[in-house]
Amino acid sequence: MAMNNEILLGVRKPARYIGQEWNVSRKDFEKSGIKFGLCFPDLYEIGMSNLGVRILYGLLNKQEDVACERIFSSDLDMESLIRAAKTDILSLESGRKLREFDILGFSLASELDYTNVLNLLDLGGIPLKASLRDESFPLVIAGGPSTLNPEPMHEFFDIFVIGEAEEALLEVLDVYRSHQALSKNKQELLLSLAQIEGIYVPSLYEARYSPDGSLQEFKPKAKGVPERVRKRFVLDLDASFFPVDWLVPYIQIVHDRITVEIMRGCPNKCRFCQARSGYYPFRVRNVKNIIGLAEEAYRRTGYEEISLCGLSVSDHPGIEEISKSLIGLFKERAVSLSLPSVKPKDGLGNVSSVIAGIKKTGLTFAPEAGNRRLREAIGKDFDEEDFFQNLERAYSDGYQRVKLYFMIGLAGEEEKDLEDMVNFAKRVSDARRKSKNASAFVNISVNTLIPKPHTAMQWLGMSDRARIQGKQDFLKSRSRNRNLVSSFQGFELSLLEGALSRGGRRII
């Protein structure tokens, strides 16, 4: 079953909806024992840039009896045509309706995608609430970073995978196979799934509240259901699955390149960072394994850029060896290497020099605050002296652009701290003059602090709208410089993200 050509002719980017990419899985849907719909509640370009989606897609299709197909959110033009035609959203691989799958697995990368989840279910004719779905509907599950606090979405999902999904999801499939063989009802299936470490079945728990609305008690409703759900994580990163059959889209996506995950977790202890607790403990992939994965993924795709992925890639003990080896392998093939945000430390300059030898990409840093006092308050390890020494070396190697990430709304933040932030960005720009070049272009990204759960700052409140708006206006007025470009997340989005990330069962 394929998407109607008349519908495809009516949308801006039809390649979002046709599938058939290079390295796509081509399994017989009807003959597969388990039909798994991998759903990403955002546009194709964003979903195909998500490493977790690619890992699960490859891992699930490696299972002989599983057919995993992708479903992404439709853009507004496609959605309007689907609704006008009174048809359904379809999977990319074989054009199947959501109701034809056994399991629908959603990747929750951001709390701001929650409404997209509900919209996608609605477009597929799936009842939104889990309590309204019997055995005739797919099992609807979720995983991803946002499931560290799944409660705001507890009514809509049958189960949540808490933590890293690779191993837990295969155990879910094992239980589901037994369920199919024994023809158990949905309630029996959920009770069996609840026994898997890392699996949270919200319908098997009840919450009681005090008159003031605060949570008084939270406990299992059935015998054998664990009182606490422990986060799952992959112990050996080298032994875990990584996709080298890298799908190559027909349109440009956000991260249109090979991405090689070199580590998980982070050795740093930033007090605001939810990702550290979500991906704890810190694990690194072996250098030889990294090189082999990059080479094999290139051989199967022909991409001209490889990016190293991790929460803090400069903390990989072999980052310099990895960079030099990859450059040596790919320089003659005109394949460039890029890094995400890095820390200013010894060795960074050497890495920058190696990368600049083939392509002078921009550098990204996250000082988070403009001075040492606030960085120490939030636990940010950032040495300014090392930073500027390495930055000047990078400029002399040919770098021209820098991106800086900052936060506002920190406890004890004063006007002088905001002034220090602008002055820091100006120093970064002017530092390029020491190599007898023009000032560098600096992109300043400023976000409002959201004290998220499972962080050291989770009990703090968010700044109110007036204070954040005042701070944004101050920064805009002080950074009027042709070499500085500032961007801010709107307060409304920050507030919504904060409410959904910190809220309980009653928030929706």
Side-chain angles (χ1 to χ4, degrees), residues 19 21-29 31-41 47-72 91-94 96 101-109 138-145 147 159-178 180 193 196-199 231-249 255 258-265 278-279 283 285-286 289-290 292-294 296-297 300-301 309-310:
E21 304 98 324
W22 187 265
N23 288 326
V24 73
S25 174
R26 301 182 186 278
K27 285 197 166 182
D28 190 318
F29 188 86
K31 293 182 180 179
S32 297
I34 299 178
K35 302 163 180 66
F36 194 105
L38 185 58
C39 305
F40 191 86
M48 285 303 296
S49 300
N50 184 279
L51 181 59
V53 168
R54 289 180 177 269
I55 290 175
L56 293 181
Y57 180 78
L59 176 66
L60 291 170
N61 279 312
K62 268 190 69 178
Q63 313 309 306
E64 188 175 344
D65 64 336
V66 178
C68 176
E69 302 195 355
R70 296 161 295 152
I71 303 104
F72 298 101
S91 66
L92 267 61
E93 278 69 14
S94 62
R96 301 290 173 162
F101 289 90
D102 298 307
I103 302 174
L104 295 175
F106 282 81
S107 177
L108 302 183
L139 188 74
V140 182
I141 72 177
T147 60
I159 71 170
F160 291 91
V161 181
I162 310 299
E164 296 169 3
E166 293 104 311
E167 295 171 353
L169 193 52
L170 295 183
E171 293 171 25
V172 167
L173 295 182
D174 286 339
V175 171
Y176 192 85
R177 289 186 188 96
S178 299
Q180 286 179 314
L193 291 171
I196 301 173
E197 184 175 344
I199 299 302
K231 181 192 74 173
R232 289 294 292 267
F233 63 90
V234 175
L235 185 61
D236 185 355
L237 203 57
D238 283 307
S240 66
F241 173 82
F242 192 84
V244 290
D245 285 322
W246 201 258
L247 272 72
V248 183
H255 300 307
I258 296 168
T259 301
V260 179
E261 184 185 34
I262 68 171
M263 56 189 279
R264 280 192 198 172
Y279 291 101
R283 294 143 291 161
R285 188 168 257 129
N286 178 274
N289 190 10
I290 292 168
L293 291 173
E296 186 63 18
R300 301 191 190 193
T301 63
C309 172

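For the numbers below, each heavy atom of this structure counts, side chains included, while hydrogens, waters and symmetry mates do not.
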Verdict with reasoning, R177 to D65, per side-chain contact (heavy atoms from CB on, under 4.5 Å): CA-CA 10 Å; R177 289 186 188 96; D65 64 336; 2.6 Å; yes
Side chain Q180, main chain I34, donor-acceptor under 3.5 Å: no
Main-chain N/O of L235 paired to R283 side chain as donor or acceptor, under 3.5 Å: no
Interatomic spacing from CG in D245 to OG1 in T301 - rounded to 0.5 Å: 10.0 Å
Electrostatic pair K31:E64 at N-O distance under 4.0 angstrom: no
NZ or CZ of R300 within 45° of W246 ring axis and under 6.0 Å: no
Close side-chain approach of M48 to F72, heavy-atom, < 4.5 Å: yes
I258 side, atom CD1; R54 side, atom CZ - distance, nearest 0.5 Å: 9.5 Å
Side chain K35, main chain V66, donor-acceptor under 3.5 Å: no
E93 side chain to Y57 side chain, donor-acceptor N/O pair below 3.5 angstrom: yes
Pair F29-F101, ring-ring contact (aromatic ring centres under 6.0 Å, His included): steps then yes or no: CA-CA 9 Å; F29 188 86; F101 289 90; 5.2 Å; yes
Chi angles and distances behind the side-chain contact (heavy atoms from CB on, under 4.5 Å) call for R70, L247: CA-CA 12 Å; R70 296 161 295 152; L247 272 72; 3.4 Å; yes
R96 and E69 ion-paired at < 4.0 Å: no
Heavy-atom neighbours of F242 CZ exceed 12 at 6.0 Å: yes
Value rounded to 0.5 Å, distance of CD in E164 from CG in L169: 13.0 Å
Worked verdict on I71 versus L38 for side-chain contact (heavy atoms from CB on, under 4.5 Å): CA-CA 6 Å; I71 303 104; L38 185 58; over 6 Å; no
Residue pair F241 / K62, side-chain heavy-atom distance below 4.5 Å: yes
Beyond-backbone contact of R232 with I162, side-chain heavy atoms, under 4.5 angstrom: no
Sidechain-backbone polar pair: T147 side chain, G143 backbone, donor-acceptor under 3.5 Å: no
Candidate pair E197 and E171, rule side-chain contact (heavy atoms from CB on, under 4.5 Å), full reasoning: CA-CA 9 Å; E197 184 175 344; E171 293 171 25; 5.7 Å; no
Side chain N61, main chain A67, donor-acceptor under 3.5 Å: no
Between N289 and D238, a side-chain donor and acceptor under 3.5 Å: yes
